[in-house]
Amino acid sequence: MDNSQGQTDSRMSSSWSRFRRQPFLLTVPALTLVVLVMAVPLITIMIRSFTDPVLGFGNYTWFFGHQLNLTVLSRTFSISLWVTVSCVVFAYPYAFAMSVAGPRTRLLLVLCVLVPFWVSGVVRTLAWVIILQDSGVINQAVTWLGFEKLALIRTKLGVTIGMTQVLLPFMVMPLFAVMRGIDLRLIQAAKSLGSTPIKAFSSRSTFRCLCPACSPVRPSCSSWRLASISRRFCLAGRRARCCRRWCSNRSCRC
Amino acid sequence: MKRTYLAGGSFAFALIYGGMVAAQDGPVAGEVEEDSLAGETLTFVSYGGIYQDGQIKSLQPFVEKSGVELYSDGPTSLAKLQAQVESGNVMWDVIDTGDFLPYVHCGTLFQKLDFSKIDISNIPEGQVGECSVPAMNYGVVLTYNKDAYPDNPPDGWEDFFDTENYPGTRAMPGYPEPNGYIIEVALLKAGVEKDEMFPADVDLALDQYREIRDNLILWQTGAESQQIMESGEADMVIAWSGRARAAVENGANFEPIWNDWIVVMDQLTIPVGVENPDAAYALINAAIGKEAQETLTEETSYSPIHVDAEPQVDEMTAQWLTNTPERLEQGYLQNVPYWVENYEALSEKWAEFIAGY
């Protein structure tokens, strides 16, 4: 009994250590799902676009030969672009606030993002209709104040507003996940070494948060990061002396 | 119930189109065997809102007796249906459609119906197609906000286009499947004579709407048209009669114009490739039963297609019934065969129009 238990344990620990050595294996179930429900249908459609109903570029000739299709396509892209831009504008400061807030405030902020996310799409859409329509809340207020009605609903602006709200959680949550992983003491350190708050914020987080792909993977040791970041701020703040002092007993140059 | 036993394929086929007398000894409209569909599931697709609610309610006795699990989906979409049929993965078992689709796509997207499995003996003449039976009869009406036009109310389709004498926002159907009547009323407004209308100049008709584009809202679903009336978003709305009734019942101060209201019907169909056609037939057979048709009328104000149906409607709903002699006198019949024949050309121009051209 004891013996077999021990065997299982050792087998488990060996498979765990394999996962640890090759974390890629852990993504296999998710990858399989994505391939099955995303990649396969997409590739099928791609192939069919050349073969259905007859082999050739017929579908593409038809598609690009009709002004209507091109208009719809360009409309799709322009709205996507606007929605992405406005999502970044709203989500970035919000995610930052979430990452610096205390636990209670953070919970509140998370709820504010997630609760609308859990509400059915139909309900949210109808809520936007009620707010944006010509006889809606905004336009009633606007006309009451003596201005002319705004064309909000059934316009690109209206669509952008609605889509931004719907898609905001998808921008806030990943940004928050990355920002939370950054040691906030870095900003303190930067400031203590003479950097202005804006500079401290921008150099530190824009690089790592806005572009998580660019953030360095290697330095997991926070003291190394602290040192290298502080050095950067020393230089940025034109405090060469400070830098020299910092580097005097380390292997770095100013 | 009167039953006649007949033999002979050609005569039976004539019956399908004539809808005269029941020839089967099998199904009786509205009846289903106890627990015959226990463990089965059916997905019924229609146009949502009060209409689908009414349909589901009318099917409740069928659901309880047959033991079937009934799911509801919608709104009906030709594109979605086509994707399902072509991929061989049909999830919709019975579909409620508008006038044209079952004729345009008969045998390709919609099954040719086996009339030994449904009892069509009580349906009025001329309403049964090769791929469809009627779901109910109703009307498309021009409705207007009484507050917007207190002194000089509009009284016909031409006023829909007259933004000078009747200022205000208009709303009309804008879903992807086109309607022939939309073209016909615009052509009449443009001065085309009724007997010289066909072949129809679709561009000329759509141009009439383009001229009032700035004042035009296109609604996608019946529920949206109802919402537009209830919120006062538009002053004139082309709407399905039952949705207009529901809006008025909810407090919208709207009035229908019965002069030249459009006589239309919805169709019940079974897509090609459904998993369990017999269950789908059973649902259709239940939906065209006397009791189900009565319930549907009481809930929606849409007219029953069972000749013996005697719905008990309140006074308010009675005003919206379209099968009274007076209403039938005022109705306008669109040229269904022509639009079925020319559906593709119409669809293409309609798609451009609703996309903003």
Side-chain angles (χ1 to χ4, degrees), chain A residues 36-37 40-49 51-54 59 62-63 65-79 120-140 142-143 148-159 162, chain B residues 48-49 52 72-75 79 82-89 108 145 147-148 167-172 174 176 206 213-221 223-237 247 251-254 344 347-357:
Chain A
L36 281 181
V37 305
V40 171
L42 276 179
I43 292 168
T44 315
I45 287 178
M46 286 283 284
I47 294 170
R48 275 187 62 186
S49 74
T51 58
D52 194 355
V54 284
N59 289 322
W62 171 83
F63 185 88
H66 279 69
Q67 187 55 40
L68 169 66
N69 297 336
L70 299 178
T71 311
V72 171
L73 187 69
S74 72
R75 214 180 270 167
T76 305
F77 275 102
S78 85
I79 288 181
S120 140
V122 178
V123 174
R124 267 194 293 182
T125 310
L126 193 65
W128 276 116
V129 169
I130 290 166
I131 295 170
L132 297 178
Q133 66 189 357
D134 292 344
S135 49
V137 180
I138 293 179
N139 271 321
Q140 273 175 9
V142 167
T143 41
E148 227 173 79
K149 275 187 182 174
L150 304 167
L152 294 172
I153 200 161
R154 292 175 289 269
T155 62
K156 269 188 193 173
L157 176 64
V159 174
Chain B
Q52 197 157 348
S72 192
D73 197 4
Q82 195 166 349
Q84 291 181 26
V85 172
E86 282 177 8
S87 68
N89 185 14
T108 49
N145 186 344
D147 298 330
T169 309
R170 278 94 165 118
M172 66 184 277
L206 292 176
R213 184 106 225 177
D214 293 343
N215 298 295
L216 208 52
I217 298 172
L218 301 179
W219 52 259
Q220 305 290 320
T221 63
E224 191 184 349
S225 73
Q226 190 181 329
Q227 193 270 340
I228 285 171
M229 286 183 261
E230 286 176 25
S231 63
E233 191 73 351
D235 300 316
M236 273 194 226
V237 181
N253 195 18
F254 271 67
E344 203 170 320
S347 291
E348 216 163 278
K349 294 194 161 149
W350 178 249
E352 285 178 7
F353 172 71
I354 57 175
Y357 282 97

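Protein chains get the first letters and strands the later ones, always in sequence-line order, with residue 1 at the start of each.
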Quiz prompt | Point-to-point distance, once rounded to the nearest 0.5 Å, from CG of A:Asp52 to CD of B:Glu86 | solution = 6.5 Å
Quiz item: Would you say the side chain of A:Gln67 lies within less than 4.5 Å of the side chain of B:Glu352, judging by non-hydrogen atoms?
Solution: no
Self-check item: Region of B:Ala234 that comes under 4.5 Å of a non-hydrogen atom in chain A
Solution: neither
Practice problem: Taking all non-hydrogen atoms of both residues into account, name the closest pair between B:Gly232 and A:Ser135 and its distance. | Solution: C-OG, 4.3 Å
Quiz item: Does B:Glu233 use its side chain to pair, donor to acceptor, with the backbone of A:Asp134 at less than 3.5 Å?
Solution: yes
Exercise. Considering non-hydrogen atoms only, spot the tightest contact between A:Leu68 and B:Ala355 and give its length.
Key: CD1-CB, 3.1 Å
